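Start at 1 and go down the list; that is how both ligands and their atoms are numbered. Since this is a predicted model, take the numbers as computed values, not measurements. FYI, side chains are in, hydrogens and waters are out, and symmetry mates aren't considered; it's all heavy atoms of this structure.
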Amino acid sequence: MAYKEIFWMACDSTEQLRAEYGPFHTRAEAEQEARKLGFHFLLRYEHIIGENDDIQEVRCIFLELPEGPATANRTAVRKLHTRCATCGESAVHDLNWQAEVWADIHEFEHSRHRVRLFEQTRAEGLKEIGNWRDLCA
Ligand SMILES: [Zn+2]
């Protein structure tokens with residue numbers, strides 16, 4: 001008999017290039033983490049597992065977290081700010097990898113410049129993430 005395996009991810013949008021975080025076994029866990037990250041969607045994955053433990057089918061369903069219309073605005077989502085400590089050039093990004101790419105290009109084009117990363121959330125404002133290039137490496 002086939003059976004169903006369900007898990008949950010927190011995600012920041014329903015687009016293809018979205019950030020996902022997880023998996024979680026329960027919706028409550030995923031929802032808690034999503035709120036912490038400022039994400040507005042949950043993704044429910046269903047794997048239909050066949051007799052030989054093979055995945056026969058994958059279904060995924062997006063769920064928007066119930067919130068007021070003001071906070072559902074995508075501009076309210078966590079933003080990443082990169083700013084070069086040397087020349088002051090800066091940019092805003094939605095995703096970690098975009099910040100990383102921006103920093104890589106900037107530091108490649110301007111030798112000895114050092115890019116700093118800041119995270120902006122509604123709750124905490126702008127906060128620097130130290131040693132972030134080391135974390136990514
Ligand atoms: Zn610079």
Side-chain angles (χ1 to χ4, degrees):
M1 273 296 284
Y3 66 98
K4 215 182 340 184
E5 196 178 71
I6 295 167
F7 60 92
W8 297 83
M9 305 286 285
C11 51
D12 65 343
S13 81
T14 57
E15 285 154 40
Q16 207 156 16
L17 277 177
R18 63 182 174 262
E20 285 186 17
Y21 193 82
F24 302 97
H25 291 296
T26 65
R27 178 181 172 159
E29 282 174 279
E31 196 170 321
Q32 195 182 25
E33 203 58 39
R35 291 191 191 282
K36 231 188 280 173
L37 294 165
F39 288 2
H40 293 291
F41 297 91
L42 297 181
L43 189 54
R44 176 191 155 108
Y45 277 99
E46 289 181 9
H47 287 173
I48 311 296
I49 313 285
E51 270 166 70
N52 305 317
D53 281 341
D54 52 327
I55 296 173
Q56 295 186 333
E57 198 185 328
V58 177
R59 289 185 204 146
C60 50
I61 304 160
F62 283 104
L63 292 174
E64 189 166 1
L65 287 178
E67 268 186 298
T71 49
N73 188 338
R74 286 214 49 200
T75 58
V77 174
R78 166 180 170 268
K79 291 278 182 201
L80 295 166
H81 294 247
T82 42
R83 187 169 193 280
C84 177
T86 318
C87 71
E89 203 180 313
S90 63
V92 182
H93 317 271
D94 290 319
L95 302 171
N96 281 328
W97 68 266
Q98 291 169 333
E100 222 182 308
V101 167
W102 188 91
D104 279 345
I105 292 170
H106 188 84
E107 289 180 359
F108 177 76
E109 287 177 347
H110 310 267
S111 58
R112 310 180 76 88
H113 282 203
R114 201 177 74 81
V115 174
R116 297 164 75 194
L117 178 72
F118 300 86
E119 183 183 51
Q120 187 181 35
T121 56
R122 278 165 81 86
E124 292 162 87
L126 218 53
K127 185 177 77 184
E128 180 167 15
I129 301 171
N131 297 324
W132 70 288
R133 309 305 298 284
D134 300 335
L135 296 174
C136 296

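- Using a 4.5 Å heavy-atom cutoff, the side chains of His93 and Val101 are not in contact.
- Listed by chain and residue number, the protein N/O/S atoms under 2.8 Å of the Zn ion (ligand 1) are Cys84 SG, Cys87 SG, His106 NE2, His113 ND1, with waters left out.
- Lys127 NZ to Glu119 CD: the interatomic distance, rounded to the nearest 0.5 Å, is 4.5 Å.
- A salt bridge does not link Arg18 with Glu15: none of the charged nitrogens is closer than 4.0 Å to a carboxylate oxygen.
- Contact check for Ser90 versus His81: no side-chain heavy atoms found under the 4.5 Å cut-off.
- Interatomic distance, Cys87 SG to Arg114 CZ, rounded to the nearest 0.5 Å: 12.5 Å.
- Under the ring-ring contact (aromatic ring centres under 6.0 Å, His included) criterion, the residue pairs touching residues 6-26 are Phe7-Tyr45, Phe7-His47, with sequence neighbours excluded.
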